[in-house]
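Report on the following structure.
Residue numbers begin at 1 in each chain, while the letters A, B, ... track the order of the sequences.
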Protein chains: 2
Amino acid sequence: MQSMDVPEVVVLRLPLYVRALTQLQMGGTEVVSSQQLGAHLQMTPAQIRKDLSYFGRFGKQGRGYNIQFLLKELRDILGLTKEWRACLVGVGRLGRAIINYTGFAPEGFTIVAAFDSNDDQVGTDVGGIQVLPMGDLAKVIAKQDVTIGIVAVPAVQAQPVIDILVKGGVKGILNYAPVAPQVPLGIVMRNIDPVLSLQSMTFYLKDG
Amino acid sequence: MQSMDVPEVVVLRLPLYVRALTQLQMGGTEVVSSQQLGAHLQMTPAQIRKDLSYFGRFGKQGRGYNIQFLLKELRDILGLTKEWRACLVGVGRLGRAIINYTGFAPEGFTIVAAFDSNDDQVGTDVGGIQVLPMGDLAKVIAKQDVTIGIVAVPAVQAQPVIDILVKGGVKGILNYAPVAPQVPLGIVMRNIDPVLSLQSMTFYLKDG
DNA sequence: GCCCGTTTGTGAATCCTGTAACACGAATCG
DNA sequence: CGATTCGTGTTACAGGATTCACAAACGGGC
């Protein structure tokens with residue numbers, strides 16, 4: 001498995017490359033150098049070349065990278081060629097916003113089910129998705145081939161919900177709750193936390 | 001200015017400490033060791049002690065850290081003792097969700113104004129905030145002491161909107177648009193991008 | 001076919017971050 | 001009151017990541 005000796009920071013940058021390349025492609029560009037791509041993303045050409053070199057040789061000396069080809073390769077590497085199925089837990093304000101967010105589908109991420117522990121929510125329809133009781137979670141994950149759990153519950157419920165999701169069989173967790181939850185080895189977690197972002201921002205703003 | 005030689009990674013971790021300490025405080029704990037805090041956050045005690053040592057000596061040998069005291073110090077360091085005023089640009093679905101998000105206010109972040117370039121939106125009320133035309137932006141930023149701009153517009157509009165915000169005088173940008181915008185030196189930017197998070201996650205999921 | 005400007009891929013060198021080790025202060029206990 | 005335990009702050013070190021520098025490769029022009 002190639003993921004073994006690729007630094008995680010590198011993996012975190014790959015989606016940025018995918019996005020920048022897609023944008024350039026939209027603009028009609030067919031070939032790009034690490035120089036140009038670096039200018040676009042505000043990073044050094046050397047870093048881009050080094051990052052890519054972990055996975056293969058995609059460029060041509062003297063020319064640069066063929067965008068279409070590199071994009072296909074990067075999508076393969078990241079596993080973006082298939083549809084990824086996710087379920088959402090928590091259909092409060094935040095959860096509803098996530099379901100209705102139009103940015104996931106075009107990238108191949110589909111929310112196929114929603115759950116809530118509140119009986120008033122269960123049975124209602126949110127953005128075309130039936131809200132199910134937490135008890136159905138394991139069954140749905142298995143039947144619907146769900147690999148990603150999205151957590152949009154209040155802080156105190158986050159850890160128990162994540163435990164249930166993991167036990168249910170999801171392999172990745174996208175956590176919107178303002179906590180730093182613990183997950184067993186082998187489960188991939190990403191936190192979305194605007195408050196943390198703001199709190200580190202103010203450090204630099206406070207006496208500027 | 002202390003911010004000069006403190007590594008950015010360290011600054012990014014400070015809000016995590018604030019959060020964990022707050023949680024412990026809620027639970028009634030008064031003193032905590034780097035050991036315990038590390039267990040809570042899944043990091044080594046050494047790292048916590050090193051991080052804190054960039055800013056001063058907050059602990060007592062043999063005892064640990066007084067939570068109330070350390071919290072006060074960290075809040076000071078991060079600049080979290082004052083109210084931070086932000087404005088939002090873009091009151092589509094995402095923008096509305098951000099305005100209604102209840103997580104900002106308790107941490108001292110207030111959204112005091114909202115803008116949109118769409119004339120149909122201008123004048124409407126969203127979550128108790130009047131939506132203003134983009135033209136009023138500079139004026140409002142100055143008059144209302146706004147230091148942070150929150151961007152919730154479609155990708156193509158993000159860069160121009162950010163340019164306007166910066167010219168208008170904000171010092172920090174919280175960007176929800178799926179792009180990697182360029183900002184002049186001295187402006188602090190943080191990106192909130194769940195799609196990027198998912199795309200780096202799938203790298204590890206794709207053949208697990 | 002050969003030269004020339006360009007740009008890649010990659011060791012080597014540098015910089016940065018995290019970890020381990022330890023000396024010292026503070027509290028506790030008999 | 002001396003010995004012991006605990007946990008900090010700090011220094012030294014190891015491991016990673018980033019940048020540098022250059023040989024090798026490519027394409028175009030002639």
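The interatomic distance linking B:Asn66 (CG) with C:dA27 (P) rounds to 12 Å, in whole Å. Atoms CZ (B:Phe58) and P (D:dT10) sit 11 Å apart, rounded to a whole Å. What separates CD1 of A:Ile48 from P of D:dT19 is a distance of 11 Å, to the nearest Å. Atom C1' of nucleotide D:dG7 and atom CZ of B:Arg57 are separated by 13 Å, given to the nearest angstrom.
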Grab the N/O contacts between the protein and nucleotides 26-28 of chain D below 3.5 Å, and write none if there aren't any.
residue: D:dC26; atom: O4'; partner: A:Gln61; partner atom: O; Å: 3.4

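Within a 6.0 Å sphere centred on CD of A:Gln35, heavy atoms belonging to other residues, nucleotides or ligands number 12 at most.
For residues 23-42 of chain B, proximity to DNA chain D is found at B:Ser33, B:Ser34, defined as any non-hydrogen atom under 4.0 angstrom from a strand atom.
Listed by chain and residue number, nothing satisfies the side-chain hydrogen bond (donor to acceptor under 3.5 Å, both in side chains) test with B:Ser197 (two or more places apart in sequence, or in another chain). Shown here are the salt bridge (charged side-chain N to carboxylate O under 4.0 Å, His left out) partners of A:Arg19, two or more places apart in sequence or in another chain: B:Asp193. Residues forming a side chain to side chain contact (heavy atoms under 4.5 Å, CB included) with A:Asn191 (at least two apart in sequence, or on another chain): A:Asn175, A:Pro181, A:Met189. Applying the side chain to side chain contact (heavy atoms under 4.5 Å, CB included) test to A:Gln25 and every residue at least two apart in sequence or in another chain returns A:Ile67, A:Gln68, A:Leu71. Partners of A:Thr81 according to the side chain to side chain contact (heavy atoms under 4.5 Å, CB included) rule, which considers only residues two or more places apart in sequence or in another chain, are A:Arg75, A:Asp76. A:Glu83 meets the salt bridge (charged side-chain N to carboxylate O under 4.0 Å, His left out) test with no other residue; sequence neighbours excluded. Applying the side chain to side chain contact (heavy atoms under 4.5 Å, CB included) criterion to B:Pro106, with sequence neighbours excluded, gives no partner residue. Scored by the salt bridge (charged side-chain N to carboxylate O under 4.0 Å, His left out) test, B:Arg13 finds B:Asp51 as partners (sequence neighbours excluded).
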For residues 137-149 of chain A, tabulate all N or O donor-acceptor pairs below 3.5 Å that involve a side-chain atom, not counting sequence neighbours.
residue: A:Gln144; atom: OE1; partner: A:Arg85; partner atom: NH2; Å: 3.1

Going 5' to 3' through nucleotides 13-21 of chain C and flagging B where a protein heavy-atom sits under 4.0 Å of the base, S where only the sugar-phosphate is that close, and - otherwise, we get ----SBBBB
